[in-house]
Amino acid sequence: MPIISIPTNGLELEADADDNLLKVLRRYKVPIHYSCKQGECGSCKCVLEGGEVDMHGYKGSALPPAQREQGLILACCSRLKGDVQLRLIDSDDYIVHPERHLVAEVIALRELAPEVFGLRLKIRYVDRDGEPFLFSAGQYVQLSVQTGPDTLIARDFSMASTPVDAEYDDELEFHIRRTSTGAFSGLLGSGIQLGSIIAVDGPMGSSHFRPRHQGPLYAVAAGTGFAPMLSIVKTALNNGKLEPVVFYAGFKTPAEVYGREGLAQLQREFNNFRFDVVVEQDAGASDRSGRVGDVLLDDVADFAGAKVYLAGSPGMVEAVSACLLERGLPAADVHADAFYAPKPGLSLSAQAVVDAAEENDRLTLPSPLQSEI
Ligand SMILES: Cc1cc2nc3c(=O)[nH]c(=O)nc-3n(C[C@H](O)[C@H](O)[C@H](O)COP(=O)(O)OP(=O)(O)OC[C@H]3O[C@@H](n4cnc5c(N)ncnc54)[C@H](O)[C@@H]3O)c2cc1C
Ligand code: FES
C-alpha cells in the first residue's frame, strides 16, 4: 500500500497502488490547487521529492519539460506506483470544504441569452446527516443526470449563486451554455426540465474567493465564465470588502450579453463596485469593444496588491493569466478556471459518482433547522 508523505504539512497518507494522486489528496482534504483535473491547466503542480509516479495524458504547456526535470509533477495525471514524498506549492489561504454527494431537483430553467440557460436547483437530499452544503464562491461541482438504467452523464459547472444561497436556502444556480451535441447541456429543456433530478458532487476547484485579501479585485469572465465571477463579486461585496471590485464581463456578440441588469443593481448598491460589458464584435454604444482580457490589460497599468479572478474559455483564461504573470503579478494572485470540455474517455467520473454514492453515508433530508437559521 503506497504511502504519500508531505513532511512540510506533517502528513502521511495511505493510498492504493495505481490510485490517482489528486484523488487521494482530495480524499484527505489536502490543500492542493487544481482546476481541470485532466492535465490542461497546470494548477495541480507539486514537487516530487522522493519516489516515482506514472504520469501521462497532460499538455506540454501545463508542465513544460524543464519543470518536469526539476521534479515537478501534475497530481491529476499521476498514478501511484509506490511510496512518494511530496512538497505542495503555495497553498495560500485555500479553503478545503468536505466533498459532498447531494441530490437536487430542478426548480427553474430560463434562457438568459440564446443557448445560455440559468439552471436553478433545490437540494433535496444530502449526505453527512443533513449538514448544509458549504462551498467557496468561485468553486464548481459535477452535475450528473441519469439517461438510462446504467448511464450517467456527468459534467463540471460553476455555481453562479453564492455560498449563502446554498447554506440557508439549499439552492444552487448555474449558467450553462447549451450545445445541441453536448451530452449534458443538449438535454436542457428536454431531458432536463422542471422537476428533473440531478446528482451534485463537490465542491471542487481552488480558484475561489480569498476573503482575507485586502486590495483591488478584478473579475474577468468570458461567456458563462460570468457564473463563478458573479458569485465571487457578490460574496466579496456582501462580506464588506472595501477596496475596488471591478467586473469585466466579456461576450462575443451583443446577442450573447446577459446579466447586465444584475450588475447595474450591484453598482447602485456598492460604491466600490463597477463593471464593464465587453463585446468582441459590433459592440453597442454602452459597451466596451474588444476582447475582454485586452480591455483589462489596457485599463490597469499596475496590478500591485491586486487579485485577478478569471473564468471561461480556455483561450482567454490561458492568454490573460500568462500576460498577468509577465506583468509581475504573483501566481498566487491569479485565480483561474478555464472551462475545458472533458477529454474523450474521461467521463469515468460518472462511474465515480456511482462509487461515491455506494461508499458514502445514506442520503438524508437537509436539516430543516440549518436551513431556517
Ligand atoms: C472547472 C470547470 C468549470 C466549468 N463551469 C462551467 C459553467 O459554469 N458553465 C458552462 O457552460 N460550462 C462550464 N464548464 C465547461 C463544461 O464543463 C464543458 O463545456 C462541458 O463539456 C459541457 O458539457 P456538454 O454536455 O455541453 O458537452 P459535452 O458532451 O462535454 O461535449 C463537449 C463539446 O464537444 C462537442 N462534442 C460532443 N461530442 C462530440 C463528438 N463526438 N465530436 C465532436 N464534438 C463533439 C459538443 O458539441 C460540445 O461542444 C466548466 C468546465 C470546467 C473544467
Ligand atoms: S493540470 Fe491538473 S488540475 Fe489542471
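Throughout, numbering of the chain's residues begins at 1 and tracks the sequence. Since the structure is predicted, the reported quantities are computational estimates derived from the model, not experimental observations. Below, all heavy atoms of this structure are taken into account, side chains as well, without hydrogens, waters or symmetry copies. Order of appearance sets the numbers: ligands from 1, and atoms from 1 within every ligand.
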**Message:** Can you confirm whether the side chains of Tyr248 and Asp299 place a donor and an acceptor under 3.5 Å from each other?
**Reply:** yes
**Message:** Strictly below 4.0 Å, N to O, side chains only: are Arg100 and Asp127 in salt-bridge contact?
**Reply:** yes
**Prompt:** Cut-off 3.5 Å, side chains only: do Gln265 and Glu269 have a donor facing an acceptor?
**Reply:** yes
**Request:** Give a yes or no on whether the ring-centroid distance for His97 and Phe133 is below 6.0 angstrom.
**Result:** no
**Message:** Between Phe174 and Phe117 (judged by ring centroids, cut-off 6.0 Å), do the two rings come close enough to count as a pair?
**Reply:** no
**Request:** Return the protein residues near ligand 1 (heavy atom under 4.0 Å from any of its atoms), ordered by chain and residue number.
**Result:** Tyr140, Arg155, Asp156, Phe157, Ser158, His175, Ile176, Arg177, Thr179, Thr181, Gly182, Ala183, Phe184, Ser185, Thr224, Ala338, Phe339, Tyr340, Ala341, Pro342
**Prompt:** What do you reckon, are the aromatic ring centroids of Phe251 and Tyr258 less than 6.0 Å apart?
**Reply:** yes
**Between Asp201 and His101: side-chain donor-acceptor atoms closer than 3.5 Å** = yes
**Request:** Report yes if the distance between the aromatic ring centroids of Phe135 and Tyr140 is under 6.0 Å, otherwise no.
**Result:** no
**Message:** Tyr218 vs Phe247, test: ring pair (Phe, Tyr, Trp, His ring centres under 6.0 Å). Steps then yes/no.
**Reply:** CA-CA 6 Å; Tyr218 298 99; Phe247 192 150; over 10 Å; no
**Request:** Around atom 4 (Fe) of ligand 2, list the protein N/O/S atoms within a radius below 2.8 Å, excluding water molecules.
**Result:** Cys36 SG, Cys41 SG
